[in-house]
Structure formats: structure tokens, C-alpha cells
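Report on one structure; see the data block that follows.
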Amino acid sequence: MVYIKDDIESLDKKLGREVRVCGWVLRQRIVGKIIFWRIVDSTGETQVIFKRGEIPDDLFEKAKKVTLMSAVEIRGIVRPAKTKGGKEIVPKEVTIIPTDPILPIDPLNRTSTLSQRLNYRSIDLRDPKISSIFHIRSLIAQAFREYLLSQGFVEIHTPAISIYSAEGGADVFEVKYFDKTAYLRQSPQLYKQLAVSGLERVFEIGPAFRAEKHWTIRHLCEFTSMDIEVAWINDIQPLLELAEETIKYIFEKLRSEGKKYFDILEKEPPSMPTTPFPVMTWKEAIAIIKDRGIPMEGKDIPPAGERVLYEYVKKRYDSEFLWIVDWPFEVRPFYAMKYPNSETTQSMDLLYRGLEILTGGKREHRYEILKKQMLQKKLRPDFFGYYLEAFKYGFPPHGGWAIGLDRLTMQVLQLDNIREVVLFPRDPGRLEP
RNA sequence: GCCCCCGUGGUGUAGUGGCUAGCAUGUGGGCCUGUCAAGCCCGAGAUGCGGGUUCGAUUCCCGCCGGGGGCGCCA
């Protein structure tokens with residue numbers, strides 16, 4: 001590893017040695033002729049001691065003037081101490097990058113609101129409880145990538161800007177593209193399909209955009225989608241298995257490498273699920289929801305229904321996961337593949353702890369039928385130019401799914417707002433920072 | 001798109017149709033040689049904006065702005 005500084009978590013192995021520790025002042029205590037600093041970096045917390053007689057007087061005076069959340073760099077000797085963490089640093093040289101003493105969020109009591117914390121994320125992230133969320137998020141993405149690479153998948157990077165406007169019902173963001181109007185993608189769907197026709201097994205981790213004014217704790221205008229697409233499948237079974245195995249691999253990693261972050265957050269890592277996950281058809285799910293007296297307006301399952309289903313599988317199968325398969329074409333996109341002579345699609349959603357975290361299915365690969373389904377959805381085939389044409393030239397049967405990284409992270413950590421797991425969330429009211 | 005709730009020092013909050021608008025923490029100054037949510041003394045610091053009702057509004061009413069939540073839609 002390239003040496004940059006001595007991380008606080010590494011100090012236990014460096015007792016008696018000179019180190020260079022960099023971080024932020026979390027607390028300052030003046031006890032007569034001794035000053036203590038509690039400092040934090042992204043790996044932990046430690047204490048710096050300024051003791052008159054032990055260090056030069058000018059260093060003592062400097063230490064006295066520090067304000068909370070100032071950035072500091074300390075060169076000094078690590079020694080054991082009767083303190084939290086069992087060690088302290090005796091400084092030789094200290095650099096302070098002072099903060100404005102009036103802080104916009106409260107770093108000690110953690111009483112600030114989420115909105116205020118998001119405005120000042122760079123301060124917020126100094127709290128180990130906050131940075132742990134992003135370590136866990138990073139591990140989830142890493143595990144996703146590792147598992148799919150191990151299964152012969154290729155990581156791809158498809159455009160976020162394109163001429164194709166609507167693939168589903170969701171509204172899209174318009175972008176000025178020189179003299180044309182382009183759109184931000186709602187998902188990498190169309191491009192991962194085109195890619196799979198040659199690469200056979202692909203995945204992508206990237207942003208997706210929805211111009212919908214939904215003010216909820218589980219929606220954003222920009223979110224991160226972990227997509228896969230696989231060629232040569234004849235039903236959705238391999239898709240279910242791939243998802244189950246991917247999730248198991250992610251959870252294993254969280255339970256091993258992620259343990260320390262769950263400890264900081266005082267939360268339990270997710271328990272290992274047993275596979276296969278319980279499977280229910282859309283019809284069966286609807287029946288249960290109606291049976292519990294939840295009003296059903298359209299054909300999509302409302303949030304209250306998702307919670308009811310969670311209670312149901314938890315009790316009946318002791319599972320936190322539930323597959324819902326065979327959705328009506330009415331609530332799926334034009335590219336969903338129907339069963340023969342049916343308006344039911346070969347598709348699935350996965351609920352985890354009562355929230356939809358994955359959606360996918362088998363895709364229609366037959367040119368004429370795909371075109372017909374576009375018309376059925378009141379989309380104009382001529383707007384889909386080269387995308388649609390590709391299906392004329394030996395397009396393999398295929399399917400795939402996407403996991404919402406933000407939602408999975410939120411559910412794994414049992415947080416109550418998706419904005420907690422996104423560094424700089426985009427919702428209808430937030431375009432900054 | 002619809003509905004509900006909230007807006008008081010930097011931060012988090014209490015309270016009030018009139019009286020010095022209270023508390024915690026931070027912040028400025030002082031005391032203290034082992035603090036670790038340290039303790040003690042002193043100081044500065046607030047009613048989101050606009051309009052209305054009223055002798056008087058931070059409080060009541062309306063609008064705007066900001067924040068939180070639910071529904072719808074969606075993933």
C-alpha cells in the first residue's frame with residue numbers, strides 16, 4: 001500500500017513509534033495544564049495529549065485555540081494510555097486548518113436534520129456512523145461485480161444520454177444535445193439488450209434517471225442501478241438463481257468484511273438467506289393483499305401491500321425475501337416477454353424486507369412481436385430506430401434484471417430514508433450540493 | 001398531482017396576544033496536571049419572508065418560501 005498517512009486504525013501496531021496522523025478535532029478538553037483532543041479520521045478515533053512540561057509551550061497555546069471540526073495534522077509518538085482506545089499521541093508538530101467556529105450542523109450531538117446534514121455532507125461524513133454507510137454501500141457494489149465476473153459476465157458502460165425517450169411510463173429528463181433533444185436514460189435497459197446479443201452475459205453499475213415528482217422516502221430522481229442481462233435463456237429460472245446467488249455472495253461479504261462497519265452502526269449484518277427464495281405469482285400476491293383488506297387501485301402492488309406480503313412470508317417461510325412472478329403485461333414495459341397466447345409476462349420482482357429491490361424478466365426478442373408490443377403500449381416503433389432494427393438480425397432469447405443499489409443498501413441497514421445511503425441525492429427539490 | 005404536520009440563537013428545542021422569550025450544546029473569555037457526554041464562573045447570540053386582524057403579533061388568519069411525512073405514480 002502506498003504510504004499517505006498513518007490511519008488511526010493502524011496505531012495499535014505502532015506504539016512507541018513516530019507517526020503522522022491526520023483528521024478532524026471531535027472534542028477538546030482543557031484540564032488545567034493538560035489539553036486533550038479527540039480526533040477522528042475515516043478509520044477511527046484517537047486521543048492527542050498536550051501536557052505542559054512534556055511539549056513546548058507554543059504548541060500548548062496553539063492546541064488551546066482549536067475549534068471543533070478543524071482539520072489537523074499531527075506528528076508525534078504513539079504511547080499506551082488509560083483512555084478509550086488505550087493509546088494517545090504525544091505531539092511534536094501540529095498543523096491546524098481552522099474551521100469557521102460557527103458550524104452549520106452539530107457534530108457532537110448528531111441532532112441536525114437529514115436535510116441540513118445533506119447540505120453539509122463533507123462535515124457529516126466525518127462521523128464514523130455516516131461513513132460506515134458508504135463503506136457498506138461500496139462493499140455491496142464490489143461483491144456484485146466480483147460475483148458476476150466469476151460467472152463469466154462482462155462489465156459494460158452504456159450511454160446515459162440518448163435519443164430514445166420512453167421505454168416505460170416514467171417521465172424522462174430532457175437534455176439539450178447540440179441542435180437535438182436527447183434524454184437521460186431511465187435505465188440501461190435498451191443498451192444492455194443490444195450488448196447481450198454479442199457479449200452474451202453483461203452487467204453494468206450506473207445511474208438511472210426518473211423525472212417524477214415522487215416525494216417519498218424510497219424514490220430519487222437519480223439512482224444507481226446494478227443491471228445484468230443474459231442471452232440464451234428459455235425461461236426466468238436462471239435469472240432467479242443468478243439473483244439469489246448474487247445476493248448470497250453480497251451478504252457473505254457484508255458479514256465478513258463488512259462486520260466492522262455494522263458494529264460501528266450498532267446493527268446486525270443481514271442473516272444468510274436460504275435458497276431458493278419463496279415464489280408467488282402476481283395473482284397469488286394480489287389475493288393475499290386483498291384478503292388483508294388493502295385497497296388495490298391499479299394492478300401494481302402498493303407499498304402497504306408489500307408490507308403485508310413481508311409479514312406473510314416472514315411468518316410462513318421465515319424468509320425476508322419474496323419473488324413475485326408472472327406480472328400482467330399492463331404493468332410491465334413493452335419489451336417484456338409474454339407467455340404464449342397470454343397477457344401475462346415472464347417477469348419477476350423481488351421484495352426484501354417488504355420493499356421492491358429488484359425487477360426483471362425475460363425479454364421479447366422476436367422483431368415482429370416486439371414491434372406489436374410497442375404499438376400495444378402506444379409507443380411509436382419508428383422512434384426506436386436502430387434499437388428495434390437490431391432484433392431483425394438473429395437476436396438471441398435473453399433476459400435480465402436490475403437491483404437498486406440504493407434500496408438494497410437502505411434495506412440491509414434498515415434505514416428509513418433512501419437519502420441516507422446516497423452521498424448527494426437528487427430528488428425533485430434538491431439539485432445541490 | 002392530492003392531503004397532513006412543522007418553521008424560535010450556529011445546531012437541537014421550551015414557551016407566550018403585552019412582562020428580561022427559557023434550556024442544552026456549540027461559540028468568545030476565565031479557573032482547574034488525566035479528560036474521555038468532564039466540571040465550575042462570566043459574555044455574545046433567536047421568533048423564515050410578505051400581507052391582514054389587533055391599542056399591541058413570535059403567538060391568530062391568508063399567501064409565499066423552506067423542512068418532514070402520507071397517498072398517487074413509479075423502481
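Residue numbers start from 1 in every chain, and the chains themselves are labelled A, B, ... in the order their sequence lines are given, proteins ahead of strands. Only heavy atoms go into these numbers, but all of them, side chains included; no hydrogens, no water, no symmetry mates.
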### Task
Please state the C1' separation for the pair B/rA57 and B/rC62 - nearest whole angstrom.
15 Å
### Task
For nucleotides B/rG67 and B/rU8, find the distance between their P atoms and express it as a whole number of Å.
13 Å
#### Entry: Salt-bridge contact A/R117-A/E420 (side-chain N to carboxylate O under 4.0 Å)
yes
### Query
In terms of side-chain geometry, is the basic nitrogen of A/D7 or A/K5 positioned less than 4.0 Å from the acidic oxygen of its partner?
yes
#### Entry: Whole-Å distance separating the CZ atom of A/R117 from the P atom of B/rG67
15 Å
### Query
A/R27 has a side chain; which of B/rG72, B/rU27, B/rA37 sits nearest to it?
B/rA37
### Task
Take the protein atom NZ of A/K64 and the nucleotide atom C1' of B/rU27, then report the distance between them rounded to whole Å.
17 Å
### Query
Got a donor-acceptor pair under 3.5 Å from the side chain of A/Q116 to the base of B/rU11?
no
### Query
What is the distance from CD1 of A/I30 to C1' of B/rU27, rounded to the nearest Å?
13 Å
### Message
Between B/rG30 and B/rA14, how many Å separate the two P atoms, rounded to a whole number?
### Response
35 Å
### Query
Under 6.0 Å between the ring centres of A/Y335 and A/F395?
no
### Query
For residues A/Q47 and A/T83, is any side-chain donor paired with an opposing acceptor at under 3.5 Å?
yes
### Query
Relative to A/F384, does A/K371 satisfy both conditions: NZ or CZ under 6.0 angstrom from the six-membered ring centre, and within 45 degrees of the ring's axis?
no
### Query
When you compare B/rG66 with B/rU35, how far apart are their P atoms, in angstrom units rounded to a whole number?
49 Å
#### Entry: Residue pair A/E146 / A/Y249, side-chain donor-acceptor N/O under 3.5 Å
yes
### Query
A/K84 side chain: which of B/rC36, B/rG10, B/rU35 is closest?
B/rC36
### Query
Distance between the P atoms of B/rG45 and B/rA21, in whole angstroms?
12 Å
#### Entry: Presence of donor-acceptor pair under 3.5 Å, side chain of A/T83 and base of B/rU35
yes
### Task
Please confirm whether any donor atom in the side chain of A/E88 sits under 3.5 Å from an acceptor in the base of B/rG34, or the reverse.
yes
### Query
On a whole-Å scale, what distance lies between the P atoms belonging to B/rG12 and B/rC71?
26 Å
### Gap between atoms CD and P, on A/Q28 and B/rG29 respectively (whole Å)
10 Å
### Query
C1' atom, B/rC5 versus B/rG43: distance in rounded Å?
38 Å
### Task
Could you work out the separation of B/rC19 and B/rU11 based on their P atoms and round it to a whole Å?
25 Å
### Query
In terms of side-chain heavy atoms of A/P101, which of B/rU33, B/rG28, B/rC71 is nearest?
B/rG28
### Query
Once you round it to whole Å, what is the distance between P of B/rG68 and CG of A/L415?
16 Å
### Message
Measuring from the side chain of A/D106 (C-beta onward, heavy atoms only), which nucleotide among B/rG10, B/rG34, B/rG72 has the closest atom?
### Response
B/rG10
#### Entry: Euclidean distance, atom CZ of residue A/F60 to atom P of B/rG34 [Å, nearest integer]
12 Å
### Message
Heavy atoms from C-beta onward define the side chain here; which of B/rC36, B/rG34, B/rC74 lies closest to that of A/R79?
### Response
B/rG34
#### Entry: Gap between atoms CG and P, on A/D427 and B/rG70 respectively (whole Å)
13 Å
### Query
Quick one: A/I123 CD1 to B/rG12 P, roughly how many Å, whole number?
13 Å
### Summary
Heavy-atom nearest nucleotide on RNA chain B taken for A/D416 and for A/I49; more 5' hit belongs to A/I49
### Query
Which nucleotide, B/rG69, B/rC73, B/rG34, lies nearest any side-chain atom of A/I217?
B/rG69
#### Entry: Residue whose nearest RNA chain B nucleotide is more 5′ - A/R307 or A/E222
A/R307
